[in-house]
Every structure is written in structure tokens, then in C-alpha cells.
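Proteins get letters first, then strands, A, B, ... in listed order; numbering begins at 1 in each.
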Protein chains: 2
Amino acid sequence: MDILELSCKSEYALLALLELAQHYSDGQVLQIKEIAAHQSIPDRYLEQLLATLRRQGLVRSQRGAKGGYSLARAPWQISLWDVIQAIEGEDLTRSRDLPSADLTPEREVLLKAWQDAQTAAVAILQKTTLQDLCDRQAQQQQARLMYYI
Amino acid sequence: MDILELSCKSEYALLALLELAQHYSDGQVLQIKEIAAHQSIPDRYLEQLLATLRRQGLVRSQRGAKGGYSLARAPWQISLWDVIQAIEGEDLTRSRDLPSADLTPEREVLLKAWQDAQTAAVAILQKTTLQDLCDRQAQQQQARLMYYI
DNA sequence: ATGATACTCCGGTTTTTCACTGGGGTTTAG
DNA sequence: CTAAACCCCAGTGAAAAACCGGAGTATCAT
């Protein structure tokens, strides 16, 4: 039962960035097709996501042949929350539609409680970086290896 | 920027229960129309929500003329999370569509982080009860009164 | 130079979800 | 017995989400 809904968009973006993070030390770019194929993401869709990630300053792109994408910052300097914000928040320039007339005291107190819960979740997402995810994955693969011995 | 999205359904249900909570001591039932009018909720829609809340054991209903709804438990025994689960989770009987084939290690570690964030949010929602919300609202109205003196 | 490659921009389509509505029942007070 | 209220189930319209396509532009290899 999820109440925190990980949208397709965000999941794809995070997976792509995770893959870029894994090759960060290589100093080499990855192409859309590679990432898409490796993570089973529709490539033309991923293209859009990487474009917004670029506009938001999370990745760098290199055009032309032998082009591709790379992280704009180090993996430990990019939190999951950074990514979510970049993806979900871009065209979310529409200000809160609060007619304030129908924001009854009931709604107000309810909304407050809701935001408390949200804040707690965001705190976790802010403190977790792409590096953390890479580490955990490596650790898990290690565990799997041990299992086979 | 919300990532924790409070759906209309849940908001309506919580508002309705909050209103029922406010009249809990009266030992009297409230009718759909009353609640709907008071909270600006489409009544035929609220009807469905109250029906599922009844099936989930959160409210009692009394049929026939002079009928209506009342809380099945005391307001301090109903957490916000209880309500969310009842509303969002009812027809969510569909088991996780996990072909497990395309649950790559990347997705796995990502999902884990996501659930950590979700757990943090749920903890807040679990420890907050309808009673808490009633209290806060009363407190806030008190504050408003002081302001006018 | 030039062709192939791969990103870029912009728009369209399809699928799914959401909020809401309607119609015909059943129960119960008076 | 009748009117008021809950009950069940099914449909609909709009909006968002996910995805696809085409024409353009930069860049590298040769």
C-alpha cells in the first residue's frame, strides 16, 4: 500500500541518474539508448526526462556523434529529493490554487498534519544521495556473491 | 511542491470523519447531506466514501428515516493512517505486479529508499488521531478569538 | 567537407485514473 | 404505507500520465 507514489517519470529519472552515477568516475558519457535498454525504459520518453534534468542542472549533455550524458555534480552531491524536484516541479510553476475562502479551519488543520508527514518523508529523501544508492547496491551484490560460495 | 499527494477521496473522507468526531460525544448520527453541505463535498460522492469507511469498520450507519453515520470507535482510536488505508486500500487487493524479472537490483535499492521515506511519513500519520485534529482546531479557534479582543 | 550519430524541440496520441453522477433498490421512523 | 435515508453498482467526462514521431542542430570520424 503506497501513499507515497513514485511516479513513472521519477522512477525512470532516478534509475537513469543511478546508472550515470555508477560510471561517474569513468569521466565518460552514457547514451540514451544504452541507459534505456539497460533499465527497460522507452528511449524516446527517457529523452524528455534527461532534457529536463539538463535544464535543471543535474546532468550535462554532449551533442553529436559519441555524445551522451554525464552527471553535472558528484553522486554524493545529488539527493533523491533534488531529482524529484527537478522532474516533478519543472512546469509546476502554477501557484497554489488557494481561494482561501473554502480553506475551512477543518481543511487547514488537516493540511497541516499532511504537510508534517510530507516533511518527514522529504527529510529522508534529502539525506539520501545517489552515492548512497550505489553503495547499497554494491553491498547487496557482495552479499549475493557470498551466498553462492 | 507536494510529493505526498492527498487525494480528493482521502481529503473528503478525513473531513467527514473529523466532523463526526466533533459530534462523537453527542451520541447522535449525522446525515450525508449535512456533512456534505458543511464541508462542500458532492453528496453522492461522499456516500460512496462513507460506504467504504463502513465496510472497513470505521463508521457505523443507521438506515431508514432519521438515519445517518457515527464513528465506530472513539476519535482518539482512529488515526489518519487508518482512514487513508481504508479509503485508498480497499480495492487495492491487486497484488503487487512484480514480475520480479524486471526488478533489477537498481530498482530494488531505489524502491527500498522510497519505502524508507514512506515509512517516515506513515509514522506521523499513524500517531496523529482524529482527536488530535479536533483539539488543534479548537485551539486555533481559541487563538482567533483572542485576536479579536 | 560530409555523412552518420546523437542530442533538441515541439507537438500529438493513447491509455489510465479521477472525480463525479444516475438509477434502481432496501431499510426504518412515524 | 410513505417518505426519508442509506445501499449497491455502473457509467461518464475531463484531465493527467505515459509514450511516440518528425524535423532540426551540433559534433565527431574520415
> If every non-hydrogen atom of A:Ala36 is compared with every non-hydrogen atom of A:Leu46, which pair is closest and at what distance?
Replying inline: N-CD2, 3.8 Å
> What are the two closest heavy atoms between A:Pro75 and A:Thr129, and how far apart are they?
Replying inline: O-CB, 3.6 Å
When you measure from the side chain of [X] to the backbone N and O of [Y], does any donor-acceptor pair fall under 3.5 Å?
X        : Y        : result
A:Arg107 : B:Gln39  : yes
B:Thr128 : B:Ile124 : yes
B:Trp114 : A:Glu11  : no

>> Taking CD in B:Glu5 as the centre, count heavy atoms belonging to other residues, nucleotides or ligands within less than 6.0 Å. Is the count above 12?
In response: no
Starting from [atom2] on [N], measure out to [atom1] on [X] and report it in whole angstrom.
X       : N      : atom1 : atom2 : result
A:Leu46 : C:dT8  : CG    : P     : 12 Å
A:Asp43 : D:dG22 : CG    : P     : 14 Å
A:Leu49 : C:dC9  : CG    : C1'   : 15 Å
A:Leu53 : C:dC9  : CG    : C1'   : 16 Å
A:Leu30 : C:dA6  : CG    : P     : 12 Å
A:Ile35 : C:dA6  : CD1   : P     : 13 Å
B:Leu50 : D:dC6  : CG    : P     : 8 Å
B:Ile41 : C:dA19 : CD1   : C1'   : 13 Å

Does [N] have OP1 or OP2 sitting under 4.0 Å from an N or O in the side chain of [X]?
X       : N      : answer
B:Tyr45 : C:dG22 : no
B:Arg55 : D:dC7  : no
A:Ser7  : D:dA17 : no

>> As a test of reading the structure: which of D:dA18, D:dC7, C:dT8 is closest to the side chain of A:Arg54, going by heavy atoms?
In response: C:dT8
Tabulate atom names and distances for all N/O pairs under 3.5 angstrom spanning the protein and nucleotides 9-14 of chain D.
residue, atom, partner, partner atom, Å
D:dA10, N6, B:Gln48, NE2, 3.0

>> Students often get this wrong, so: under 4.0 angstrom with heavy atoms, is A:Arg60 touching a base, only sugar-phosphate, or nothing?
In response: nothing
>> What contact category does A:Ile32 fall into here, base, sugar-phosphate, or nothing, at under 4.0 angstrom with non-hydrogen atoms?
In response: sugar-phosphate
Which pairs, protein N/O on one side and nucleotides 28-30 of chain D N/O on the other, fall under 3.5 Å?
none

> Going by heavy atoms in the side chains, are B:Leu133 and B:Leu14 under 4.5 Å from each other?
Replying inline: no
>> Quick one about A:Asp116 and A:Thr119 (side-chain donor to acceptor, distance below 3.5 Å, no hydrogens or angles considered), yes or no?
In response: no
> Quick one: side-chain contact (heavy atoms from CB on, under 4.5 Å) partners of A:Asp135, sequence neighbours excluded?
Replying inline: A:Gln131
